[in-house]
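As structure tokens, the structure follows; a few thoughts come after it.
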Number of protein chains: 2
Amino acid sequence: MAQTDTVTRILDTAEVLFAERGFAETSLRTITSKAKVNLAAVNYHFGSKKSLIQAVFARYLDPFTERFHLALDDLEARHRGGTIPLEELLETMARTVLEVPAERNSLKVFMRLLGLAYSQAQGHLRRYIQEEYGSVFTRFTELVRQATPELPDAERFWRLHFVLGTVIFTLSGLDALRDIAEKDYGEHVSVRDLIRRLRPVVVAAMQAPLPDPLPAALSQGA
Amino acid sequence: MAQTDTVTRILDTAEVLFAERGFAETSLRTITSKAKVNLAAVNYHFGSKKSLIQAVFARYLDPFTERFHLALDDLEARHRGGTIPLEELLETMARTVLEVPAERNSLKVFMRLLGLAYSQAQGHLRRYIQEEYGSVFTRFTELVRQATPELPDAERFWRLHFVLGTVIFTLSGLDALRDIAEKDYGEHVSVRDLIRRLRPVVVAAMQAPLPDPLPAALSQGA
DNA sequence: CCCGGTTATAAACAGCTGTTTCAAACGTAG
DNA sequence: CTACGTTTGAAACAGCTGTTTATAACCGGG
């Protein structure tokens, strides 16, 4: 099947180029020439560049959401009725995130794509991801809510995004950071090593004491 | 002075457009038309689009580094010889970051630009920022080192980047996150409110227990 | 006044962008 | 083998990109 071959060759090439340079900075001609595929093939198989971008994400996120749902099913079954400890929830998410791209190119590409989806404007992408994969995230946050009943809803919301920021920022800028770290400490860090370092930090962040309440006199400040 | 007027009008317009859409997605024609300035003015006053981008950053980072150096001078003077507590260091940095853009457009733009500098490829930008403003960051990290003698160097390095990720990610994606938070909790968050929430999380992250050492059997994993 | 350097303007430049077109090659079912 | 739907191929499309050019307007000092 030469067709499938073309499609996957485009996806394989596109995902690493997107991850390296961003979406706008990667032209279809760069992709197709590096993939040894005709320029028109992208529009023929995907319809447009936008759809290509979404297809690249779908190839990661489809198996991820499927596995994550299964993992959460399993977790809920093993804690029948009771609430799942926060650390187990975080552990499960981390494990699932690691599993999916392990079979494919690399975690680095996956994380960099996630980072781009956030930081790069690309309104259509954020909408697509929210509509297509928002439900898993909703399910996860609900479980986190049950695991941290002492946190006010707003506080938990922000803290989840704080740690999300840490993870995406770190793993998506991994190459640059790794270069600096290697230059400063001569020590090469693997992704697993980084996750090991991340765990206590994330847990501590979620369990940090509540902030001082806003002094009423200042609550209208800029 | 019509010249200064043109230059600042370009910078004012460029910084918000860059922050909104990214660098590659913002054309010179979009900038100049919205700034009511001739297209050639950018190349005349700045030389190239790259230099325009750097100039946008310089207008934030020049006063920031100056103030931050002064604030650190003051901090060192008040702790003559002794080490400065971590919380004071973080507090000082936060205050300086808040001060600079307060006089100008907004913190949001500043943070979004910082986020772009990291996430957007734009190799020239990272190099420029590193060469031009790396020294303040080096000075700051050295003070953090003295304030956290119990942390191994590598661990401190990574934790600093973890919290940097939290802050940049949160504040640069603030608009989107604020929309979600408002929809979910009806509660409008100000930047100062967010900083208040960030503080205990950042402190807890820096003071989290050390990670379990790598099991030797697994240390060669992916 | 008028000159000389600085700034503004409009037009054109070559190059790259995503997309479309249409003809050729392909592979398979009748 | 023939016919047909699918996939490839090369070329062209209009539009936008950053940059350059040449000309005009400005404006303070001699």
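Note that the structure is a prediction, hence the values are computed from the model and not measured. Chain identifiers are assigned alphabetically (A, B, ...) following the order of the sequence lines, protein sequences preceding nucleic acid strands; residue numbering begins at 1 within each chain.
Across the protein-nucleic acid pair, B:Asp5 atom CG and C:dT6 atom C1' stand 16 Å apart, rounded to whole Å. A straight line from CZ of B:Arg9 to P of C:dT7 spans 14 Å, rounded to a whole angstrom. Atom NZ of B:Lys36 and atom C1' of C:dT9 are 17 Å apart (whole Å).
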5' to 3', nucleotides 11-20 of chain D under a 4.0 Å protein heavy-atom cut-off (B base, S sugar-phosphate only, - none) gives -B----BBBB

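Contact detail for A:Val189 and A:Arg178: the closest heavy-atom pair is O-NH1, 2.7 Å.
Residue A:His45 places at least one side-chain N or O closer than 4.0 Å to OP1 or OP2 of D:dT8. Applying the 4.0 Å criterion to OP1 and OP2 of D:dT8, one finds that A:Thr6 has a side-chain N or O inside that range.
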Report, one line per pair, each donor and acceptor closer than 3.5 Å where one atom sits in a side chain of residues 198-206 of chain A; sequence neighbours left out.
residue: A:Arg199; atom: NH1; partner: A:Glu91; partner atom: OE1; Å: 3.3

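To the nearest 0.5 Å, the span separating CZ on B:Phe68 from CZ on B:Phe140 amounts to 5.0 Å. Interatomic distance, B:Ser172 OG to B:Leu114 CG, rounded to the nearest 0.5 Å: 8.5 Å.
Annotation: side chain of A:His45 is not in contact with side chain of A:Leu52 (no heavy-atom distance under 4.5 Å).
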Report task. Go through B:Phe169 and A:Phe169 one step at a time and tell me if the ring pair (Phe, Tyr, Trp, His ring centres under 6.0 Å) criterion holds. Result -> CA-CA 7 Å; B:Phe169 183 87; A:Phe169 184 87; 8.2 Å; no

